[in-house]
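Presented below is the structure to which this report refers.
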4 protein chains.
Amino acid sequence: MQEPKPNVGRPRDGQIDGAIVRATRELLVERGYAKLTVDAVAARAGIGKAAIYRRFATKQEMIFAATVHDMQEEPPPDSGSLRGDLAAVCRTIAAQLTSAPPDVLHGLLADIHADTGLGARFHGTFIEREQYVLGTVLDRAVARGEIASRPDIAMVHAQLIGPVFFWLLILGGDRERVATLTATVAESVASTLVKD
Amino acid sequence: MQEPKPNVGRPRDGQIDGAIVRATRELLVERGYAKLTVDAVAARAGIGKAAIYRRFATKQEMIFAATVHDMQEEPPPDSGSLRGDLAAVCRTIAAQLTSAPPDVLHGLLADIHADTGLGARFHGTFIEREQYVLGTVLDRAVARGEIASRPDIAMVHAQLIGPVFFWLLILGGDRERVATLTATVAESVASTLVKD
Amino acid sequence: MQEPKPNVGRPRDGQIDGAIVRATRELLVERGYAKLTVDAVAARAGIGKAAIYRRFATKQEMIFAATVHDMQEEPPPDSGSLRGDLAAVCRTIAAQLTSAPPDVLHGLLADIHADTGLGARFHGTFIEREQYVLGTVLDRAVARGEIASRPDIAMVHAQLIGPVFFWLLILGGDRERVATLTATVAESVASTLVKD
Amino acid sequence: MQEPKPNVGRPRDGQIDGAIVRATRELLVERGYAKLTVDAVAARAGIGKAAIYRRFATKQEMIFAATVHDMQEEPPPDSGSLRGDLAAVCRTIAAQLTSAPPDVLHGLLADIHADTGLGARFHGTFIEREQYVLGTVLDRAVARGEIASRPDIAMVHAQLIGPVFFWLLILGGDRERVATLTATVAESVASTLVKD
DNA sequence: AACTAACCGAGACGGTACGTCACGTCTTTCG
DNA sequence: CGAAAGACGTGACGTACCGTCTCGGTTAGTT
């Protein structure tokens, strides 16, 4: 979201922000990511295209903002074990991955990685946040004495989230069985870490 | 690839098929997925656009065909243990995932999931093949007595490939450390299965 | 010319209308009717193709508008005789026929008659106007007592303009001798009418 | 029509010539000049495109040959007066002009004048032949003593044929009234010439 | 109360790529 | 070697979408 100049001129209409998000989400569901056009969003929201581009630099930024909730994920409450904490983290992220249609995630990921700026923001907003949460959880395990030292976070991240991600986005797997997968993976990663 | 009518008229020039693939791959590397144009492919290949559209219904089909090699993956030689076999499968697939620039994979996945037909072909060509290979490997483990019965293949698939996939495509992780990740994951999945 | 909605949105840039006409005329002279392309017109005019297709439904409409000046021919001043009036009318029309390269006239006539809508507009713009002028001139002759009643206008039209048209477009005749032909025809038609 | 090499190889199938002409004429009537395609002619005739291009250098040549009958117009029998002879010539040519749909004539004329070679052939086949016939008729009038010397043929040609041409092709006039127009014009031209 | 600066909807703008179509040529198999 | 079938390079077509810009008009805060 681009910032308006403060305290001069007419202020932005706050209803428009909501209307853009709503129209974008509706059209993503109705037509899919590839067939979403800015003109259609503007028409559906009953606004002009300029109102969109005053707020977002590109179509991708708009979709990014409309799709991705504000994601201020916090470390889960201490469950008493690394395994339980990892399962909690994994469940939260899995829930986010199922909050948008799969083709939207694919399209967005492609566009994000095609654009340096957006890619950096995505990384900062999601990846780093998730790894911060993971780090907290792992530090707890160290404090508990479950593991000797904090392992490489990115590797743990990949082992924990990768299977869920793949299941949902590549295999197009059943969303109900994600819970099972999540539990299995958390167990598996925890025991691998503890074993070392 | 659209099929020509057999034995009537001038046959398709086989060199053109190769030239399209070559030009597409070169341009994907040089310009990236988002900036690939059909006109540029035709120009680079020294052919007309019509020759492309005679073979592929859309630009995406063309890229799919040019990117996705004929992928007739076979089960790896028996390594003597489930863990060794899983590691071999995982290494092979990881090698394929690193054979194209990452933005190409993202773009292709997005386009594949935006188009039902292409999605089905992708599933048939890759997912099913990988799961066939995995099934073979798991059956060996059953025969060996490592595991009691063949588990759900898709779940194993997700656990095995998901981390590598996530590491490479989402985290943009170091390609050299994929080997470490692969080994860790294979070990982890194997021991989870054997334990049961 | 397609009409813009009035008083909403950005108004059409009037300079573009002129630039399209100018570029079209230049390119018709430089390359001829058959080799005129819409892309070339847009490039020459320094505009996008969309700006052309926003104004004209087809390439032919564009050429029609660019070629056919607004043609608000008025009856010539009363020369005192039917013969003089007819000669004046004929000279005016002959001048219009020589204002564009001959291949443009051929191409335009062909396209006009290939498209019902354009044909109707051509008829309304040109034929009816010319016949209105002819009707005025003939009415004067009736008032003068040169002829008893107003004859069939279309027949007179054909007799008067046909020879000049044929001379210029079919015979590819010398443009300097059109004056002689015009005078001869006007004399001939006038005496045929007066004789009756 | 391009000549085959004589006495070598397989002779051309004479039925094909007829089939091309028939298919061309049918499609001209059904779809009009602008929408006639060589592929459609070949398909309708049940032949290959190569068989067409073996006979005609261009699409226009094909249409020219298919539309225009072999036109070996001879001077009409002596009617005893210039006026009668001119009327006969005019009637013959008018009949030819009505033998094809009007849009075909427009299209063909445009293409003829866009191509030097075809334009020359058209001129030789039609214009010169018509002027030869006119010359013969005018010579008769000189011999008869109706006129003193042979006037400029092209000018007479334009005066005589122009009105009919304009009536049929530009005005889209009623074909039944062409007879009246023909008679009027012949009378008018004859008396203009005799008067001098 | 007037001024001013940024807002608003609507839609035109330059640019770029798409997928289609037709031309006239070329290349195969068959007779 | 002619013919049917159809692939080939070329090049224009008309459409669609992007992100920008320009209208007339609206809506605050500042003079």
Side-chain angles (χ1 to χ4, degrees), chain A residues 4-13 15-16 35-40 42-43 45-60, chain B residues 4-13 15-16 35-40 42-43 45-59, chain C residues 4-13 15-16 34-40 42-43 45-59, chain D residues 4-5 8-13 16 35-40 42-43 45-54 56-60 62:
Chain A
K5 291 193 178 179
N7 288 338
V8 273
R10 176 177 173 178
R12 293 216 183 127
D13 183 343
Q15 296 195 345
I16 289 181
K35 293 187 179 172
L36 182 84
T37 70
V38 177
D39 286 87
I47 61 173
K49 261 200 300 182
I52 293 177
Y53 282 105
R54 214 171 282 120
R55 290 166 170 78
F56 307 103
T58 66
K59 174 186 168 183
Q60 285 74 37
Chain B
K5 292 193 179 179
N7 284 339
V8 271
R10 178 176 175 176
R12 298 247 174 98
D13 184 343
Q15 298 196 344
I16 289 183
K35 293 189 178 170
L36 182 82
T37 70
V38 177
D39 284 273
I47 61 171
K49 250 198 308 183
I52 293 177
Y53 282 105
R54 210 171 286 119
R55 290 170 170 74
F56 309 104
T58 65
K59 176 186 170 183
Chain C
K5 290 192 178 179
N7 285 339
V8 272
R10 178 176 175 176
R12 298 250 174 96
D13 183 343
Q15 296 195 344
I16 288 181
K35 293 187 178 171
L36 183 82
T37 71
V38 177
D39 284 275
I47 60 172
K49 251 199 306 184
I52 293 177
Y53 281 106
R54 211 171 285 119
R55 290 169 169 77
F56 308 104
T58 63
K59 177 186 169 184
Chain D
K5 290 190 179 179
V8 277
R10 176 175 171 179
R12 290 204 186 138
D13 183 343
I16 290 181
K35 293 187 179 171
L36 182 83
T37 69
V38 176
D39 286 271
I47 61 173
K49 262 202 299 183
I52 293 176
Y53 282 104
R54 213 170 284 121
F56 307 103
T58 65
K59 176 187 170 182
Q60 284 75 34
M62 178 191 72

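Every chain is numbered from 1, with letters handed out A, B, ... down the list of sequences.
You won't find any donor-acceptor pair under 3.5 Å spanning the side chain of A/Lys49 and the base of E/dG11, going by distance alone.
Residue C/Ile52 is classed as having no contact, given no heavy-atom separation below 4.0 Å to the nucleic acid. No engagement by B/Ala57 is indicated, since no non-hydrogen atom pair under 4.0 Å with the nucleic acid exists.
When rounded to the nearest whole Å, the span between CG of B/Leu36 and C1' of E/dA17 equals 11 Å. Atoms CZ (A/Arg12) and P (E/dC8) sit 7 Å apart, rounded to a whole Å. Atom CZ in B/Phe56 sits roughly 15 Å away from atom C1' in E/dG19 (whole-Å rounding). As a whole-Å value, the separation of B/Tyr53 OH from F/dG11 P is 18 Å. Taking atom CD1 on A/Ile16 and atom P on F/dA28, their separation rounds to 12 Å, with Å as the unit. If you measure from atom NZ of A/Lys35 to atom C1' of F/dC18, you get 18 Å, rounded to the nearest angstrom. Atom-to-atom, CD1 of B/Ile47 to P of F/dG11 comes out at 15 Å; the value is rounded to the nearest Å. Atom CZ in C/Arg10 sits about 6 Å away from atom P in F/dT22, given to the nearest Å.
Side chain of C/Lys59, nearest nucleotide from F/dC13, E/dA12, E/dC8: F/dC13. Taking every side-chain heavy atom of C/Thr37 into account, F/dA12 is the closest of E/dC26, F/dC17, F/dA12.
Taking NZ of D/Lys59 as the reference point, atom OH of D/Tyr53 lies at 8.0 Å (rounded to 0.5 Å). Here CZ of B/Arg55 is found 5.0 Å from CD1 of B/Ile16. Values are rounded to the nearest 0.5 Å. Rounded to the nearest 0.5 angstrom, C/Arg54 CZ and C/Ile47 CD1 are separated by 9.5 Å.
Projected onto DNA chain F by closest heavy-atom contact, B/Gly46 and C/Pro11 fall at different nucleotides, the more 5' of which corresponds to B/Gly46. Along DNA chain F, the nucleotide nearest to C/Gly9 and the one nearest to A/Val38 differ in position, and the one closer to the 5' end is contacted by A/Val38. Between A/Gly48 and A/Asp39, the residue whose closest nucleotide on DNA chain E is further toward the 5' end is A/Gly48.
Distances shorter than 4.0 Å separate none of the side-chain N or O atoms of A/Arg55 from OP1 or OP2 on E/dA6. Taking side-chain N and O atoms only, A/Arg54 has a distance below 4.0 Å to OP1 or OP2 of E/dC8.
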Practice problem: Would you check, one step at a time, whether the test side chain to side chain contact (heavy atoms under 4.5 Å, CB included) holds for D/Leu36 with D/Met62? | Solution: CA-CA 11 Å; D/Leu36 182 83; D/Met62 178 191 72; 4.3 Å; yes
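When all heavy atoms of D/Ala42 and D/Gly48 are compared, the pair lying nearest together is CB-C, 4.0 Å.
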